[in-house]
Amino acid sequence: MSPQPSTSKDTSQPKTSPGGPGSKVKTTPQKGKRSKSRSPSPRPPRSLKDTDYIEDTLLEKSGVNGDLKVTYVDSEEMLFDEVLKLISRWDPDILVGFEIQNFSWGYLLQRASHLSINLCALMSRIPEDKRKSSFKAESDEWGADHSSEIHIAGRIILNLWRLMRHEVALNIYTYENIAFHVLHERIPHFSFQTLSSLFNHRTHLYRWRFIQYYLTRVEGNMRIIDQLDLIGRTSEFARVFGIEFYHVLSRGSQYRVESMMLRLAKPMNFIPVSPSVNQRARMKAPECIALTLEPESRFYPDPVIVLDFQSLYPSIMIAHNYCFSTCVGRLDYLKKAYDGPIEFGCTNLRITPSTLDKIKDHVTVSPNGVVFVKKHIRKGIISSMVDEILNTRIMVKKSMKEYKKDKGLQRLLDARQLGLKLIANVTYGYTGANFSGRMPCIEVGDSIVRKARETLERAIQLVEDTPRWGAKVVYGDTDSMFIELKGRSKDEAFVIGQEICDAVTAMNPKPIKLKFEKVYLPCVLQTKKRYVGYSYETPDQKEPVYDAKGIETVRRDSCSAVSKILERTIKILFTSRDVSQVKEYILKQCTKLMQGKVSMQDCIFAKEYRGMKGYKPGACVPALEIAKKLLRNDRRAEPRVGERVPYVIVYGSPGLPLIMLVRQPQELLQDPSLRINATYYITKQILPPLDRLLSLLGVDVFSWYNDMPKVVRVLPQSLMPAEKKKGTISQFFSTVNCPVCDKLTNQTICNNCMQNPQMVCVSLCDRITKWEKVHQTLIQICNTCMGVQDERQPCDSLDCPIMFRRVLAKQDHHKADQLRVTLEKALEF
DNA sequence: CGTCAAACCTAG
DNA sequence: TGAGCTAGGTTTGACG
């Protein structure tokens with residue numbers, strides 16, 4: 001294969017999307033298929049206005065991977081022809097894009113439709129079937145939850161970032177952040193503006209950098225998918241549930257349960273009920289709720305053992321034969337059965353008196369008064385399905401142990417057991433499904449919950465009634481018990497814990513099993529569903545593992561500064577049990593915040609955007625506010641539904657509602673007059689969670705803060721923008737610090753320092769050099785990341801801490817320039 | 001100033 | 001147009 005004749009291509013682009021589709025994964029050419037034949041390509045016809053063309057020799061200079069074949073076309077229409085040729089050549093089953101609504105495939109489709117090309121149909125494997133291949137040019141809110149809004153017959157289209165939302169819990173789902181957390185690599189980010197200028201640049205090298213940028217992303221998409229074994233796992237789920245690959249990603253859990261359940265029901269001649277919307281609405285409301293104890297909220301210096309019932313709900317279904325097909329209805333109603341059908345689920349059940357008589361000695365009654373027939377009369381479908389699932393899972397886990405060496409098989413088996421676990425846990429949800437349920441049955445659902453509650457209550461009772469253990473149940477939620485063992489050692493806790501587990505398991509029918517989970521030493525129980533502790537899973541574990549549930553360190557609705565400080569505080573507290581160390585740490589962090597020395601990155605909140613129609617009228621939500629702002633500038637810039645929108649809180653004049661202080665992180669970088677609202681972050685974000693923790697120890701963090709000296713940072717006049725922004729607090733300051741001694745002064749350099757011009761000179765020069773050095777180093781780091789030597793087009797990835805420091809360093813660099821002027825003035829004296 | 005609903009996210 | 005479930009805590013602003 002020889003290189004294609006090169007002719008330049010230029011396409012007219014909409015404002016926001018330069019130079020082509022976002023990140024499109026096409027089947028990459030096979031390695032080694034193309035040799036390194038790099039004969040010089042013919043010059044393009046001079047007649048083309050664009051003098052810019054790329055010679056293959058430049059490939060080498062630019063360092064782009066040699067397995068790359070570039071095709072040049074004259075028009076956008078021809079570009080589509082080439083794309084279609086590629087698709088028909090490789091005939092991929094799966095097309096991936098990182099974001100396929102506005103960019104990537106969605107962008108291609110929109111451009112194509114603008115040129116009256118029905119790309120959807122042309123890309124499909126059944127071109128005649130126009131109905132099945134479609135995309136929505138006007139993105140609507142529906143389908144936002146799904147992995148794709150584009151349908152192409154015969155091919156699967158994956159919207160990678162949306163899939164990642166379910167795969168990994170991240171604060172922000174940008175490409176760079178996902179790459180960092182999944183691949184552990186920093187990937188540079190260029191703005192569309194930068195990309196456009198790279199593409200349109202006169203020098204070839206820059207256009208190559210543009211191409212390289214997209215190549216990295218395309219390849220990165222594949223590596224992310226690979227790393228998470230997305231395809232393998234999804235295929236395995238599809239096999240386990242017996243549904244299509246794409247449905248694993250796009251449909252809900254009801255679909256999975258039904259798929260498995262109906263397969264079992266059919267041979268037994270069962271037809272599932274299909275209630276109407278009305279019938280569903282008329283169904284009785286659930287009456288039972290899971291047991292959640294109110295914990296005694298305090299610090300626990302003694303060992304606390306955590307015991308969990310293993311898959312409690314599925315176990316209960318199996319143990320008591322709870323199922324749609326074994327349920328006879330409520331005990332109260334059964335006497336009416338002689339008169340006709342009785343209420344049952346969302347429909348009626350007709351039981352003849354003779355049947356009732358026959359089974360009446362072979363039934364169990366659930367604690368909430370619902371009657372089920374016993375196993376020997378009829379084995380329930382759900383219960384046998386769940387039974388099979390749990391047994392299979394145990395088998396799979398066993399074979400995982402046997403084939404430890406085979407990594408591929410391990411992954412497959414792990415995916416399989418995970419899928420089985422998921423389906424077991426969700427089967428209960430299916431019986432209780434409310435507004436959307438295809439076949440809900442509240443009697444069954446309630447019985448499960450009630451029985452589980454009873455099981456847990458009996459377990460708690462047993463623990464409390466056995467004085468030999470000296471144990472006290474301090475908390476429990478649905479299927480777990482937290483037991484305090486006052487005055488016992490960690491090792492004793494493991495022994496007693498195991499003993500309790502065995503006793504409780506013994507008093508319950510198979511397969512209900514209480515499992516020893518971990519020992520907390522020490523721990524803090526804050527409220528229901530919120531606790532934290534140092535956990536030990538085995539007696540010989542030396543170092544404890546920090547384990548938090550429900551508190552801010554694991555929540556994504558506060559910024560990372562909050563979770564970092566809270567986590568650090570807890571660790572200091574648990575390790576040293578010394579409040580004075582905690583105080584020292586917290587006050588130090590507050591000072592850093594007030595001095596503006598905390599990285600802005602740690603102050604970024606990110607919340608899910610629900611779309612314009614997703615909010616109540618008049619809602620004042622930061623994500624919505626930012627979306628509106630973005631839309632004013634560019635109507636294609638609206639965040640996707642479900643996207644996590646980042647924002648920070650800045651200073652503003654007193655009395656303004658919080659929503660007015662919401663800014664995009666970029667705004668803060670571009671506008672030096674904006675400053676992180678340290679007061680807000682400290683008093684509204686950092687201190688409240690700390691208070692909830694430390695107040696349990698009788699410590700008042702707020703008073704610590706109130707008693708500490710406050711740092712007031714003053715914005716130098718030089719950084720004030722010409723037109724002062726109304727509403728920002730900066731305008732209320734008129735004084736400045738002396739750049740030499742940092743004392744307040746109304747002079748450029750304070751009178752005191754001016755007495756000693758030599759000192760001024762040395763001190764300022766020193767600072768200038770330092771700033772410049774930092775700036776230079778940071779630029780170097782960024783250049784390494786981008787694989788370039790010169791810094792013309794810096795990366796602006798909001799997820800990269802280096803980028804932030806570089807911008808700050810640039811501001812320092814700017815300050816250095818001004819200091820130079822100051823210095824020159826000072827030297828004149 | 002207390003109460004309430006909405007918004008968000010997590011535990012199980 | 002499709003959508004497992006409930007409990008729970010916290011922040012925020014509107015309202016009385």
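In what follows, chains carry the letters A, B, and so on, assigned in the order in which the sequence lines appear, proteins first and then strands, with residues in each chain numbered from 1.
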Within the structure shown, what part of the strands sits under 4.0 Å from A:Ser253 by heavy-atom distance: base, sugar-phosphate, or nothing?
base
Rounded to whole Å, the OH-C1' distance (A:Tyr322 to C:dC5) equals 18 Å
Discussion item. Has A:Ser480 got a side-chain atom pairing as donor or acceptor with A:Gly476's backbone, closer than 3.5 angstrom?
Written reply: no
Picking from C:dG8, C:dT12, C:dT10, the nucleotide nearest the side-chain atoms of A:Glu552 would be C:dT10
Note to self: Check the orientation of A:Tyr255 and A:His247. Use parallel for under 30°, tilted for 30 to 60°, and perpendicular for over 60°.
What the structure shows: perpendicular
Categorize A:Tyr680 for me: base, sugar-phosphate, or nothing, with a 4.0 angstrom heavy-atom threshold over every strand shown. sugar-phosphate
note: A:Glu625, atom CD; C:dG13, atom P; distance rounded to Å ~ 11 Å
Item checked: Euclidean distance for C1', B:dG12 against C:dG4 (whole angstrom) -> 13 Å
message = Looking at A:Glu167 and A:Arg233, is there a salt bridge between them, counting it only when a charged N and a carboxylate O are closer than 4.0 Å?
response = yes
query = In terms of heavy-atom contacts, does NZ of A:Lys571 have more than 12 from other residues, nucleotides or ligands at under 6.0 Å?
reply = yes
In whole angstroms, the gap separating P of C:dG13 from CD1 of A:Ile649 amounts to 9 Å
Which part of the nucleic acid, if any, lies within contact of A:Pro440, taking any heavy atom under 4.0 Å across all strands shown: a base, the sugar-phosphate backbone alone, or nothing? nothing
Residue set satisfying ring-ring contact (aromatic ring centres under 6.0 Å, His included) with A:His320, at least two apart, ordered chain then number -> A:Tyr322
Separation of C:dG2 atom P from A:Leu249 atom CG, nearest Å, is 18 Å
Walking DNA chain C from its 5' end, the first of A:Ile659 and A:Gly437 to be reached, judged by nearest nucleotide, is A:Gly437
Of the candidates C:dG9, C:dT11, C:dG4, the side chain of A:Val426 sits closest to C:dG4
Checklist entry - With a non-hydrogen cut-off below 4.0 angstrom, is A:Arg256 in contact with a base, only sugar-phosphate, or nothing? => result nothing
**Request:** Inspect the contact between A:Glu625 and A:Lys629 and indicate whether a charged nitrogen and a carboxylate oxygen are less than 4.0 angstrom apart.
**Result:** no
Query raised in the report: How are the rings of A:Tyr647 and A:Phe605 set relative to one another: parallel (under 30°), tilted (30 to 60°) or perpendicular (over 60°)?
Result: parallel
Comparing A:Tyr430 with A:Ala290, nearest DNA chain C nucleotide closer to 5' gives the residue A:Tyr430
inquiry  = Keeping A:Ser259 on the side-chain end and A:Phe241 on the backbone end, is there a donor-acceptor pair under 3.5 Å?
reply    = yes
To the nearest angstrom, the CZ-P distance between A:Arg453 and C:dA7 comes to 11 Å
Next item on the list: Looking at every strand, decide which applies to A:Leu312 at a 4.0 Å heavy-atom threshold: base, sugar-phosphate, or nothing.
Entry: nothing
Atom CZ of A:Arg692 and atom C1' of C:dT10 are separated, to the nearest Å, by 6 Å
From CG of A:Asp691 across to P of C:dT11 the rounded distance in Å is 10 Å
With sugar-phosphate taken as primed atoms, P, OP1 and OP2 and all else as base, the protein-contact string of nucleotides 5-12 of chain B at under 4.0 Å (heavy atoms; B, S, -) is -SSBBSBS
In whole angstroms, the gap separating C1' of C:dC5 from CG of A:Leu291 amounts to 17 Å
